[in-house]
Amino acid sequence: MSKRFLITTAIDYANGSPHIGHAYEKILTDVIARYKRLSGVPVHFVTGLDEHGQKVQMSAQNKGVQPIEICDSLAVEFQTLCEKLNISNDDYIRTTETRHKNVVQSLLQKLYDEGKIYKADYNGFYSVRQEQFVTEKEKVDGAWPAIYGEVVEITESNYFFKLSEYQDWLIETIKSNESLIYPRFRSADVLNFLKEPLNDLCISRPKERLSWGIELPFDAGFVTYVWFDALVNYITAAGYGTEQFKEYWPADYHVIGKDILSPPHAVYWPIMLKALDIPLPQHYLVHGWWLSSGSKMSKSDGHVVNPLDLIDTFGADAFRYFVISEMNVGQDSDFSEELFQKRYNSHLANDLGNLVSRLLNMGHRFASGIIPKSEIEESEEKTVLKHWESLKAEVFGLYDSFQFHKALEKIFSFIAELNRYTELRAPWKLAKSEESIEQKRLSTTLATMSEGLRLASILLQPVMPEIAEKILNSLGQKSVELFADKLEWGDELAGSEFGEKSILFPKKEH
Ligand code: MSP
């Protein structure tokens, strides 16, 4: 059984509607999954929903409904987002599913039996209004902010996981495995965090405070709390406890945002796996944040971008193109609708959209709707071909190193080259001449434009699957399933029919 390339996103909290951050992470992961599949790698791509916890329980209480009702309706919202964005996930895991509860409980029991989980008193500050523990860090000017209401010091019995025993092992593991975390500079954050002694991790909440969770198998008075539930989704979805697990695990990439690398993914998760004798994920791909005017998007100030609105207006591929071309994976990026619109009009509608519509137009007018054969090769064609060869030589290196924004830049500079070439050849002028050389040039121009667009579309497939397919269809082709053998410049299109003229990216005004 050959190992699959397992790639996961974080699972989204079921405490609010999806926003651009959720959409981006799924698109980024989808681009990698599609790229790998096109490269011939068998892929398993998982995303999902993180459903338990205090916030969900409280919002259900406030609305007078059961927590699962809230989760069910958010699951529909998040899954609709995936569908609308053309996300090619193979599985969607919800932490309320029986398959997940079973895995969490079996792991907890195992760790408890081995003495790696123990019961002890937990002492801390508790906000009665928010029904949660708060720490000194939450204080503003030495006082608890009003949203916490009365804060009291309480002692509560809870279960703890022996995190601290593994601190030295983890430091060594991170130091000796330079490719574990991408981008590398994020490892430094984790190692910094590990300079302070680790406390054991409190993994439970008494049921009278939090009932919306997975019950501890060895004490029905408690549920497990947040990370011990959420992180385990990765191995549940990989089929932990079944034959399939060997085929899927370890994950090749956990794709996550920078806020949840340390401590959850880079400290708790590796230690949990080590304690369970399960191999660690191969890599973390840690992306930056989408900001709004330089600050974190927050619901309270209305700065939340609803991806569904943009997708409805501009189409999924335009949205996918924008987030992938604007974000240098690992860095933060600022979102503005003006920029979105500008990119849409210039790169997509003008550069790509016009090229396609010009070609189809001329193909019907000057070549009876049939893609002609290239008949000569002059310096104009040689320049295009040279540009293609250098793009082909570079683009895979960029895809492999997650420099998707640069890969798109290069592909679009090739598209600009095709536009330049079209202007230079001016087929509308060539068509007026009856001289044989001019007729040959006309056929060659239409063939070169078609071939260039075919190749560019194939390279765009991971990012813009729908648009790539439309362009390929309009050249009488289907989307490809494998890159191999499809990226040679040639004349395989000759004789195919041009499709009907259509507008790929209708211009949008402010
Ligand atoms: N439920 C946890 C993750 C558990 S994974 C075992 C969680 N959920 S979340 O809904 O808050 O975030 C889901 C993902 O979206 C995280 O990777 C997070 O970093 C990412 N983003 C949330 N807001 C974001 C932006 N504004 N920009 C980019 N990504 C951000 O954390």
Side-chain angles (χ1 to χ4, degrees), residues 6-30 46-56 59 70-71 74-75 77-78 81-82 85 87 91-96 100 103-104 107 181-182 186 189 203 212-214 224-238 251 253-270 272-273 281 284-301 303-307 319 322-324 326-336:
L6 174 62
I7 187 160
T8 65
T9 68
I11 49 171
D12 305 310
Y13 277 135
N15 67 353
S17 294
H19 55 63
I20 187 174
H22 300 123
Y24 170 68
E25 190 172 280
K26 286 171 186 54
I27 295 170
L28 173 63
T29 313
D30 188 57
V46 184
T47 183
L49 198 62
D50 184 0
E51 306 189 21
H52 294 121
Q54 196 80 37
K55 288 207 171 132
V56 181
S59 74
I70 294 198
C71 297
L74 280 167
E77 270 193 57
F78 276 94
L81 175 74
C82 288
L85 281 173
I87 303 299
D91 193 0
Y92 191 88
I93 179 159
R94 297 183 51 182
T95 52
T96 45
H100 180 63
V103 172
V104 169
L107 299 184
I181 300 170
Y182 178 92
R186 298 253 177 238
D189 299 345
I203 60 145
W212 186 233
I214 300 176
T224 190
Y225 178 65
V226 184
W227 292 107
F228 230 91
D229 173 354
L231 288 161
V232 173
N233 95 82
Y234 297 132
I235 53 173
T236 305
Y253 279 93
H254 284 325
V255 180
I256 53 170
K258 62 178 186 178
D259 55 316
I260 55 171
L261 175 66
S262 183
H265 281 83
V267 178
Y268 305 159
W269 186 223
M272 285 161 68
L273 290 167
Y284 293 102
L285 176 59
V286 187
H287 62 78
W289 272 50
W290 281 96
L291 307 171
S292 169
S293 314
S295 46
K296 195 173 155 177
M297 296 195 186
S298 79
K299 278 189 218 157
S300 50
D301 59 12
H303 279 148
V304 182
V305 178
N306 182 345
F319 186 82
F322 179 80
V323 292
I324 295 298
E326 278 306 302
M327 183 78 108
N328 178 349
V329 178
Q331 315 282 322
D332 292 344
S333 220
D334 214 45
F335 183 87
S336 93

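One-based numbering, in listed order, for ligands and for the atoms of each.
Which parts of ligand 1 touch H19 is read off a 4.0 Å heavy-atom cut-off, strictly below it: atoms 22 (C), 23 (N), 24 (C). Interface atoms of ligand 1 facing E25, defined by a heavy-atom separation under 4.0 Å, are 14 (C), 15 (O), 16 (C), 17 (O), 20 (C). The ligand atoms of ligand 1 that sit less than 4.0 angstrom from a heavy atom of G257 are 17 (O), 19 (O). Taking every non-hydrogen atom of G21 and a distance limit under 4.0 Å, the qualifying atoms of ligand 1 come out as 24 (C), 25 (C), 27 (N), 28 (C), 29 (N), 30 (C). Taking every non-hydrogen atom of D259 and a distance limit under 4.0 Å, the qualifying atoms of ligand 1 come out as 18 (C), 19 (O). Near H287, meaning under 4.0 Å from one of its heavy atoms, ligand 1 places the atoms 28 (C), 29 (N). Near N233, with a cut-off below 4.0 Å to any heavy atom, the atoms of ligand 1 are 6 (C).
Neither the backbone nor the side chain of T9 has a heavy atom within less than 4.0 Å of ligand 1. Looking at D12 against ligand 1, both its backbone and its side chain come within 4.0 Å, counting heavy atoms. Within the 4.0 Å heavy-atom criterion, neither part of Y24 lies near ligand 1.
Under a cut-off of 6.0 angstrom, the local environment of NZ in K258 is crowded, with over 12 non-hydrogen atoms contributed by other residues, nucleotides or ligands.
Of the listed options I260, L49, I256, I260 places a heavy atom closest to atom 31 (O) of ligand 1.
Proximity of W227 to ligand 1 is established by a heavy-atom distance of less than 4.0 Å. By the 4.0 Å heavy-atom criterion, G288 is counted among the residues contacting ligand 1.
Taking any N or O of K258, backbone or side chain, none lies under 3.5 Å from an N or O belonging to ligand 1. For ligand 1, the polar-atom distance check finds an N/O of Y13 within less than 3.5 Å of one of the ligand's N/O atoms. Residue contacts with ligand 1: L231 is placed with no nitrogen or oxygen under 3.5 Å of a nitrogen or oxygen of the ligand (distance criterion only). Not a single N or O atom of H265, backbone or side chain, sits closer than 3.5 Å to an N or O atom of ligand 1. Considering backbone and side-chain atoms together, D50 places an N or O closer than 3.5 Å to an N or O of ligand 1.
Residues passing the salt bridge (Lys or Arg N to Asp or Glu O under 4.0 Å) test with D334: none are found, sequence neighbours excluded. For Y24, the ring pair (Phe, Tyr, Trp, His ring centres under 6.0 Å) partners two or more places apart in sequence, or in a different chain, are H287, W290.
Of the residues T95, D229, L49, the one that meets the side chain to side chain contact (heavy atoms under 4.5 Å, CB included) test with I11 is T95.
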- T96 vs E51, side-chain hydrogen bond (donor to acceptor under 3.5 Å, both in side chains): CA-CA, chis, key distance, verdict: CA-CA 7 Å; T96 45; E51 306 189 21; 2.8 Å; yes

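The aromatic ring centres of H265 and Y234 sit less than 6.0 Å apart. Taking the six-membered ring wherever Trp is involved, the centroid distance between the rings of Y182 and Y253 does not fall below 6.0 Å.
Residues A10 and I260 approach most closely at CB-CD1, 3.7 Å, considering heavy atoms. Shown here for I93 and A237, the closest heavy-atom pair between the two residues is CD1-N, 3.9 Å. Heavy-atom minimum distance, F319 versus A23: CE2-CB, 3.8 Å.
The structure places CG of L261 at 7.5 Å from OH of Y284, a figure rounded to the nearest 0.5 Å.
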